[in-house]
Amino acid sequence: MIQITNLEKFYRTEEVQTIALNKLSFEVKKGEFVAIMGPSGCGKSTLLNILGLLDDPDGGSFKFNGEEVAGYNERKRSELRKHNVGFVFQSFNLIDELTVFENVELPLIYTGVKPAERVKRVEEVLEKMQIMHRRNHFPQQLSGGQQQRVAVARAVVNNPKLILADEPTGNLDSTNGNEVMDLLIDLNEAGTTIIMVTHSEHDAKYSHRIIRMLDGQKVTENILI
Amino acid sequence: MFKNYLKIAFRNLWKHKGYSAINIGGLAVGMTAGFLLLMYIGYEMSYESFHANKERLYRVVTDIHTPSDNYKTPVVDWNILSELTSEFPEIENYTRLHDTEFDVSIDGNNYHENKVLGVDESFFQIFDYELLQGNPTEALKKPFSLVLSETVAKKYFGNENALGKTLKIMDGSTVANVTGVMRDNPKNTQINSDILISISTYTEVLDPDLKESWGNFDNRGFVLLNENVNPKMLETKIASYNERVHGKVMKETELNLTYFLEPIEDLYLYSERGSSAQIGNVYIFLIVAFFILLIAAINFINLTTARSVERAKEVGIRKVLGAQKKQLSIQFLSESTIICLFSFLIAIALTWLALPYFNTLAGKVIAISIWDNPIYPISLFGIALVIAFLAGSYPAMVLSSFKPIQVLKGNFSNSSSGTKLRKGLVIIQFTISIVMIVSTIIVYNQINYMRSQDLGFDMNQVLIIETDGSKQQKIIIDDLTNIPNIISISTASTVPGGGGNNSSALSKIVNKQGNEQTLNIERYRIDDDYINQFDLKLLAGRNFSRDLASDSLESMIINEKVLGLLGYSNPEEVIGKGFEQWGRNGHIIGVVKDFHMSSLKEEILPLSMVYNSFGNSLINLKIAGNDVNSTLAIIEKSFKKSYPNKTFEYHFVNDLFNEQYKSEKRFGTLFLNFALLAIFISCLGLLGLASYSTLQRRREIGIRKVLGASSMGIVNLLSKDFLKLVLISIFIATPISWFIMNKWLQDFAYRMNMSWWIFAVSGGLALSIAFLTVSFQAIKAATSNPVKSLKTE
């Protein structure tokens, strides 16, 4: 599903150029659950942004479903993203001014789903995430675990082929963290490919494969299953 | 999707109530000011626009050239219009307007009507004043036919039908017939009348000589041209006709006349004949309206972009979820449209509330309500949408171009270009505000300057009573002569400041070279007490004397101005020189020091004073300052004895003179109000920005306080940046306002000096107001507990 070869990304400030990704190559197959680990600044988040089509690599190749997407413009990336990729962030990133229902509904609005269909699908996914009873609450009124469940619901409501999770349990206690991981496992078992960036060895163990990075390069790769 | 936008817009507005109030409130106040001004401008531009034939209606005006002067007058010769109409097929019809006034007596009561127009029978065919009763083609045909306005008809006949009734007019024995009733004139016309009287009353009965006269300019004249007539070509034809037919008499009288056609719709705005053109004020207020709307729109832009950090996360999330730049732009534009529409609704309500006050300020009823004319709300709505688009575009562009990864990572801050732009916009706001403050101060100072100048005569405690100049007048004067509280009495045709009748006369006076020089000079008829009463200074020669019979026929006193025009430098030299004026020959017997016979807007004119001991229409009484009311009662009693049927009216010369500054005062008040609004809206924006930047710097303030910064130090830190902007504005505003106001002052013949303190005071004022605004926030931040602000970060 995802094939990256010699992927490069640099950050430049006026005086310094930092290499965030240094000729990184790996592959993720459909239905896989891959964890990416490494110390802060090793390029995990940069990688995730490129994989999520939020950022453009400076060199190398990135194939998504066999299609070369490196070099796509903003509009094309956004088009591809909204139909194929769901995001779960450490800090949940819910819109404070929208209710649980409205937050989850948002991706469907941008993909042009009809209102009646939207209600059906949002309710379905909220039921699945067991957060239906909070549908009219605003994010500030929820616990961290509940907020992350809403974020997961939002990530999956469009039935994306790929979910990118950036330290999804980073802001949660262990109980809530485990619950979220269970949700991700369920999704993966239902066929969704998941790539998760994490610091937590515990969470990484849920995955099929762990890629460890340092200074923008892959150092090891452990297959767990 | 749109529902989603609406929802988030409303929730955002509600969540940040303070900012929303500033944003919506500022915009609403700005729009209100803009709306009122635009309505005012609309009204000013609507003069005479209600005439169906306005495109073909022209005022015929005359340039009078004498050997020494040129006069651009708004009037025409009595007979030229009928001549031209029969000569030129291009002219379909014409009417003359002869301004006059008379007394009306009914049931033993006397009323003075001062808005009477003598008009030709074609009046109602040419103009669109609505005749409610009567025949439009016949009503003004016969002599002594009157068409009354509805109000006047009601005044004299109550609810009875006025048509066919008679009124006694003029001396009380002349009977006139009411042949029509017209709707009261609209306010946006310069052809004002309460009563129309057939002009044949004068030409057929009262003064048949008029029909044969030439060079008598006692009326305005209007022509209705046929379709597709080029007025410029017609003017040329008229000029050659005039030369051919009247060339000889023009040469003999040394009066060369040229006629011009002025489109009726341009008269109020552009014509300088008879009244000053209003287009300058229209432009000024248009600019003011634009600037106030600009200031309000700048607030909106500044507050929205300053707060963009808060919206950045939302933008990031939406982009991650698939929103495109265009969709986000539309979202933010919709939000600004919602804010503008809110402001629009509030502005409509405020305009409705402020309209009566504004009407008073403007001194005219520009509209009773905003719904008077559907054009108003529709165009105001259009303006609101334009503001929404213009002010919303920039924030929409900024917000929609945020990079999602950056904003979601949280390492996002306001871009320096955004901050620079906001600073630039604040400078624009304050520059405009300071220019308006300076202008207001200068307008008020100029008025004060004019009012405080030595006018060259003493008008203190002098009141005038208008009479018919008959024997009865003498009785009043004799009656009042021995009243102790009446200090002096004189009679005259005119007093300085416009009381009485102004007239000017072509006069020939022997100049320094010994030649007869023709001059058009003002003419006062006065008695021998006048010069002393008004404390006019005689520079040479003597006053008139009632003991010298020759004074009433052969003597003239002139002012310094005439002296100069004749080439004399020493007033003694002109004494005894010969003059000819209106068929009278005589000698100059005195020279008075120049005095301001009219407002200081105008130059002092050349003036001649001739002696007239009897028949002057004005009685001028200088009274003691104490017990004015009882003195007035005595005067009224005496007046009533002579004129039992007339209403007693008096005016203080003081008031009449200052009345001339009415339009400047009104202009000043309007300007003051809008300057205050401009500074208020600017400060509102500054308050928003300051509170926002204080909020952003809370952590910094906390750290500084922990490290020992004093509250005063914090206030300085926070205020400094904003005050710097105001200082820059002062530097920009000073030359701009100097330039503008210097130009404005050029309209005044006598003007104040623009001294530095005006600019200093204006700058200081702006600086203090800005400091108060900013320091309010700064003090709040400086006195808060630093631990709290550090924790919140």
Side-chain angles (χ1 to χ4, degrees), chain A residues 9 11 20 45-56 73-99 101-115 118 138-140 150-151 154-155 157-158 160 164 166, chain B residues 1-17 19-20 304 307-332 334-335 338-339 397 399-413 415-416 792-793:
Chain A
K9 182 75 188 176
Y11 290 113
S45 294
T46 306
L47 174 66
L48 211 60
N49 288 332
I50 293 176
L51 295 179
L53 299 155
L54 291 172
D55 207 353
D56 214 18
N73 65 18
E74 164 89 35
R75 201 182 57 77
K76 274 173 115 176
R77 287 211 304 262
S78 140
E79 201 54 37
L80 196 63
R81 184 167 67 227
K82 69 183 177 192
H83 288 109
N84 294 290
V85 189
F87 289 86
V88 180
F89 300 94
Q90 178 183 0
S91 51
F92 324 134
N93 280 337
L94 298 173
I95 296 180
D96 296 338
E97 287 78 19
L98 297 181
T99 62
F101 184 94
E102 289 157 357
N103 262 293
V104 177
E105 188 191 20
L106 213 50
L108 298 174
I109 293 177
Y110 285 120
T111 41
V113 178
K114 296 260 176 329
R118 290 207 298 259
F138 286 94
Q140 319 72 293
V150 176
R154 187 180 63 186
V157 71
N158 239 347
L164 299 172
D166 192 353
Chain B
M1 180 112 55
F2 193 70
K3 208 172 113 194
N4 190 272
Y5 294 163
L6 276 182
K7 238 186 276 181
I8 206 149
F10 280 117
R11 286 178 194 161
N12 252 311
L13 286 177
W14 188 246
K15 192 168 161 191
H16 306 280
K17 292 181 202 74
Y19 291 113
S20 307
T304 315
R307 283 194 47 223
S308 57
V309 180
E310 281 165 25
R311 302 298 296 272
K313 184 180 139 196
E314 182 195 331
V315 172
I317 297 169
R318 283 180 184 270
K319 281 202 163 178
V320 166
L321 297 179
Q324 282 172 9
K325 203 176 158 184
K326 201 174 102 190
Q327 287 171 311
L328 288 167
S329 297
I330 293 173
Q331 178 187 343
F332 289 113
S334 325
E335 276 189 26
I338 289 167
I339 292 178
M397 199 181 77
L399 285 164
S400 63
S401 51
F402 285 155
K403 292 252 180 295
I405 2 164
Q406 275 172 2
V407 294
L408 291 180
K409 262 186 199 157
N411 59 358
F412 168 85
S413 61
S415 70
S416 68
T792 53
E793 273 296 314

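Naming convention: chains lettered A, B, ... in sequence-line order (proteins, then strands); numbering from 1 in each chain.
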Spatial distance of atom [atom1] ([X]) from atom [atom2] ([Y]) [nearest 0.5 Å]:
X      : Y      : atom1 : atom2 : answer
B:E314 : A:L98  : CD    : CG    : 6.5 Å
A:F92  : B:I317 : CZ    : CD1   : 12.0 Å
A:I109 : B:L321 : CD1   : CG    : 10.0 Å

Is there side-chain contact between A:E79 and B:Q324, with heavy atoms separated by less than 4.5 Å?
yes
So which of A:L53, A:L94, A:V85 has the largest heavy-atom pair count under 4.5 angstrom toward chain B?
A:L94
Could you go through the side chain to side chain contact (heavy atoms under 4.5 Å, CB included) check for A:T99 and B:R11 one step at a time?
CA-CA 11 Å; A:T99 62; B:R11 286 178 194 161; 4.2 Å; yes
Top residue by heavy-atom pair count (under 4.5 Å) with chain A, among B:N12, B:I8, B:V320?
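Going by pairs under 4.5 Å, I would pick B:V320.
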So for atom NZ, which belongs to B:K17, do other residues, nucleotides or ligands contribute more than 12 heavy atoms lying within a distance under 6.0 Å?
yes
Where on B:Q327 is there a heavy atom nearer than 4.5 Å to chain A: the side chain, the backbone, both, or neither?
side chain
Engaged part of A:R77 at the chain B interface, taking heavy atoms whose separation is under 4.5 Å
neither
Going by salt bridge (Lys or Arg N to Asp or Glu O under 4.0 Å), A:E97 matches just one of B:K15, B:R318, B:R311, B:K7. Which one?
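Testing each of B:K15, B:R318, B:R311, B:K7 against A:E97, the sole residue satisfying salt bridge (Lys or Arg N to Asp or Glu O under 4.0 Å) is B:K15.
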Run the numbers on B:K313 and A:D96 for side chain to side chain contact (heavy atoms under 4.5 Å, CB included), then give the verdict.
CA-CA 10 Å; B:K313 184 180 139 196; A:D96 296 338; 3.8 Å; yes
